Amino acid sequence: MAGSVPGGGRPLIITEDPLLLDDLLRLCAAAGADPHVHHAVPEPGGTADTGGAAEPGGDAGSTGWESAPLVLVGDDAARRVRGAPRRAGVLLVGRDLDDPHVWQRAVEIGAEEVLRLPDAESRLVDRLADVVEGAGRPALAVGVIGGSGGAGASTLACALAVRAARAGERTILIDGDPLGGGMDVLLGGESAEGLRWPDFAASRGRVGAGALEESLPELHDLRVLSWDRGDRVVVPPAAIRSVVAAARRRGGVVVVDLPRRVDEAVAEVLAQLDLVLMVVPGELRSVAAAGRVVAGVRMVARDVRVVVRGRCAGGLDPESVAGLLGAPLAGEVPVEVGLPGRVAEGEPPGTQGRGALARFCDGFWQRALGSAQGVPA
């Protein structure tokens, strides 16, 4: 049985095909990866048959078959590695799109994927970039959406991010509503330096996770991706998908404030979330409005749960609200006295550690981050 992919280190290329090697070195450069090149499987002791080939960045023995985080085996070298120990992270790479025997060779060497160039170049760059970034466990991604207008979804999203950051989690707060007031405003950082959504409108392909995090404004120990106050710029769904995926690859926590209308761009975000919290005031009109919203969200989201805000009226209770919406109850958030005034004075939601909002958020993260499944039970 193949083992897990080793973490860190540099990818290993095994091939004698000069044209394929040129392609692989070019793709490594595009991903920022510095590979070792061998002509055969390196011996456990560190020696290798290199045939005099240049080895970028180091000697032949510093990366072995079992220690490399990713192994790219050229089609020409498949027979020579058949006796190597089975492991994860082996890719069989070639340039002949019509070879009918490629899958047999892949099985023989235990390859987990077959990549044919040039068609699979973007996929290969993604795999190489994961190695460079040290991709591990992805972030727990939580979306917050209002079941009705004025439900307080943005306030809860902001508070969740603030409390996660204060608990020591790497945290990115993403404003998914271009027509909202701006999450950076809630955090008191509308003039903070850093990129906003319009800066990513022209993004094509993969977005680097580390570069994304470093480019965003840092406010209250978290990073925030918000909209600017200029003319509305449409960010293509593909760019939104890439940005959210990059945010998740850094690990920790990602919180997304979502609009109530599910369009193609919002669907791209929902598909990457582990959990969606729908904030619903405890009164019948809001529950009726939330029923229409939850129907659209459920078409894409894997897990939707209800947060009841404020005291329920008209004989309702939180369990009844959740039951009417056909979703589990994630909890109740009482209305916090004085919160709007504090926000207006520049104090972000969730900073009052003894407040009802902070207590809800702290309890939520304790359950969510302590769960083996990554979502609260």
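Counting from 1, the numbers follow the sequence of the chain as shown. It should be emphasised that the depicted structure is a prediction, and the values quoted were computed from it without experimental measurement. The analysis underlying the following values was restricted to heavy atoms, covering all of them including side chains, and did not include hydrogens, waters or symmetry mates.
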With hydrophobic residues grouped by side-chain heavy-atom distances under 4.5 Å, do Leu273 and Met183 end up in a single group? no

Of all heavy-atom pairs between Asp175 and Gly182, which one has the smallest distance, and what is that distance? OD2-CA, 3.4 Å

Taking Leu325 as the fixed residue, which of Val293, Val280, Val304 is the one that meets the side-chain contact (heavy atoms from CB on, under 4.5 Å) rule? Val280

Distance (rounded to the nearest 0.5 Å) between Ile13 CD1 and Leu27 CG: 9.0 Å

Using modelled atom types only, decide if a donor and an acceptor are shared between the side chain of Glu169 and the backbone of Val253 within a distance under 3.5 Å. no

Between Ala153 and Gly146, which heavy-atom pair has the shortest distance, and what is it? CB-N, 3.4 Å

For Arg123, is there an ion pair with Asp126 - N to carboxylate O distance below 4.0 angstrom? no

Minimum heavy-atom separation for Arg127 to Glu113, with atom names? NH1-OE2, 2.7 Å

Please check this pair: side chain of Arg367 against backbone of Gly363, looking for a donor-acceptor N/O pair closer than 3.5 Å. yes

To the closest 0.5 Å, what do you measure between CG (Asp303) and CZ (Arg298)? 10.0 Å

Is the closest basic N to carboxylate O distance between Arg116 and Asp75 below 4.0 Å? yes

Counting only heavy atoms not in Arg79, do more than 12 fall under 6.0 Å of its CZ? no

Is there a side-chain contact between Arg292 and Arg260, using heavy atoms and a 4.5 Å cut-off? no

When rounded to the nearest 0.5 angstrom, what distance separates CG in Leu195 from OG in Ser226? 12.5 Å

For the hydrophobic clusters of this structure (ILVMFWY residues joined by side-chain heavy atoms under 4.5 Å, transitively), does one cluster hold both Val333 and Val276? no

Using the side chain to side chain contact (heavy atoms under 4.5 Å, CB included) rule, take Leu324 and Leu316 through it: C-alpha gap first, then chi angles, then the decisive distance, then the call. CA-CA 10 Å; Leu324 288 170; Leu316 289 174; 4.0 Å; yes

Listed partners of Asp22 passing salt bridge (Lys or Arg N to Asp or Glu O under 4.0 Å), at least two apart: none

Side chain of Ser242, backbone of Ala238: donor and acceptor closer than 3.5 Å? yes

Min side-chain heavy-atom separation Val37-Leu25 under 4.5 Å: yes

Side-chain heavy atoms nearer than 4.5 Å, only ILVMFWY residues, links allowed to pass through others: does that put Val142 and Ile145 together? no

Closest contact, heavy atoms only, Arg95 versus Asp23: NE-OD2, 3.1 Å

Hey, are the side chains of Val297 and Val262 touching, using non-hydrogen atoms and a 4.5 Å cut-off? yes

Arg248 side chain to Val254 backbone, donor-acceptor under 3.5 Å: no

Please give me the minimum heavy-atom distance between Val234 and Pro236, naming the atom from each residue. O-CD, 3.6 Å

Beyond-backbone contact of Phe364 with Leu277, side-chain heavy atoms, under 4.5 angstrom: yes

With no hydrogens and no angle check, is any side-chain donor or acceptor of Arg206 less than 3.5 Å from a backbone partner on Ala31? no

Given side chains that start at C-beta, do those of Leu186 and Pro348 come closer than 4.5 Å, heavy atoms only? no

Indicate yes or no: at least one non-hydrogen side-chain atom of Ser154 is less than 4.5 angstrom from one of Val144. no

Is there a donor-acceptor contact under 3.5 Å from the side chain of Arg302 to the main chain of Asp274? no

Look up atom CG in Asp221 and atom CZ in Arg166, then write down how far apart they are to the nearest 0.5 Å. 7.5 Å

Mind running salt bridge (Lys or Arg N to Asp or Glu O under 4.0 Å) on Asp99 and Arg105 for me, showing each step along the way? CA-CA 11 Å; Asp99 185 351; Arg105 293 195 293 276; 2.3 Å; yes

For the residue pair Leu128 and Leu72, establish whether any side-chain heavy-atom pair is separated by less than 4.5 Å. yes

Going by the side-chain hydrogen bond (donor to acceptor under 3.5 Å, both in side chains) test, which pairs reach into residues 193-202, not counting sequence neighbours? Asp184-Arg196

Would you check if the side chain of Glu16 reaches a backbone N or O of Asp76 as a donor-acceptor pair within less than 3.5 Å? no

To the nearest 0.5 Å, tell me how far Leu216 CG sits from Leu212 CG. 4.5 Å

Close side-chain approach of Arg163 to Val255, heavy-atom, < 4.5 Å: no

So, Trp227 side chain and Gly180 main chain: donor-acceptor pair closer than 3.5 Å or not? no

Reported OG1-to-CZ distance for the pair Thr171 and Arg223, which is rounded to 0.5 angstrom: 11.5 Å

Can a donor-acceptor pair be found, under 3.5 Å and without considering hydrogens, that links the side chain of Glu332 to the backbone of Val308? no

Side chain His38, main chain Leu12, donor-acceptor under 3.5 Å: no

Is Val162 linked to Val279 within one hydrophobic cluster, defined over Ile, Leu, Val, Met, Phe, Trp and Tyr using a side-chain heavy-atom separation of less than 4.5 Å? yes

Leu187 and Leu173: side chain to side chain contact (heavy atoms under 4.5 Å, CB included), yes or no, with the steps? CA-CA 10 Å; Leu187 290 163; Leu173 174 61; 3.9 Å; yes

Any side-chain hydrogen bond (donor to acceptor under 3.5 Å, both in side chains) involving residues 307-319? Give me the pairs, sequence neighbours left out, ordered by first then second residue. Asp317-Ser320

Set out, in order, the CA-CA distance, both residues' side-chain angles and the distance that settles side chain to side chain contact (heavy atoms under 4.5 Å, CB included) for Leu20 and Leu117, then state yes or no. CA-CA 9 Å; Leu20 178 60; Leu117 305 183; 4.0 Å; yes

Derivation and outcome, side chain to side chain contact (heavy atoms under 4.5 Å, CB included), residues Val90 and Trp65: CA-CA 9 Å; Val90 176; Trp65 172 269; 3.9 Å; yes

Does one hydrophobic cluster hold both Leu258 and Leu140, with members joined at side-chain heavy-atom distances below 4.5 Å? no

Can Arg26 and Glu121 be said to form a salt bridge (Lys or Arg N to Asp or Glu O under 4.0 Å), step by step? CA-CA 10 Å; Arg26 171 176 57 82; Glu121 286 192 357; 2.8 Å; yes

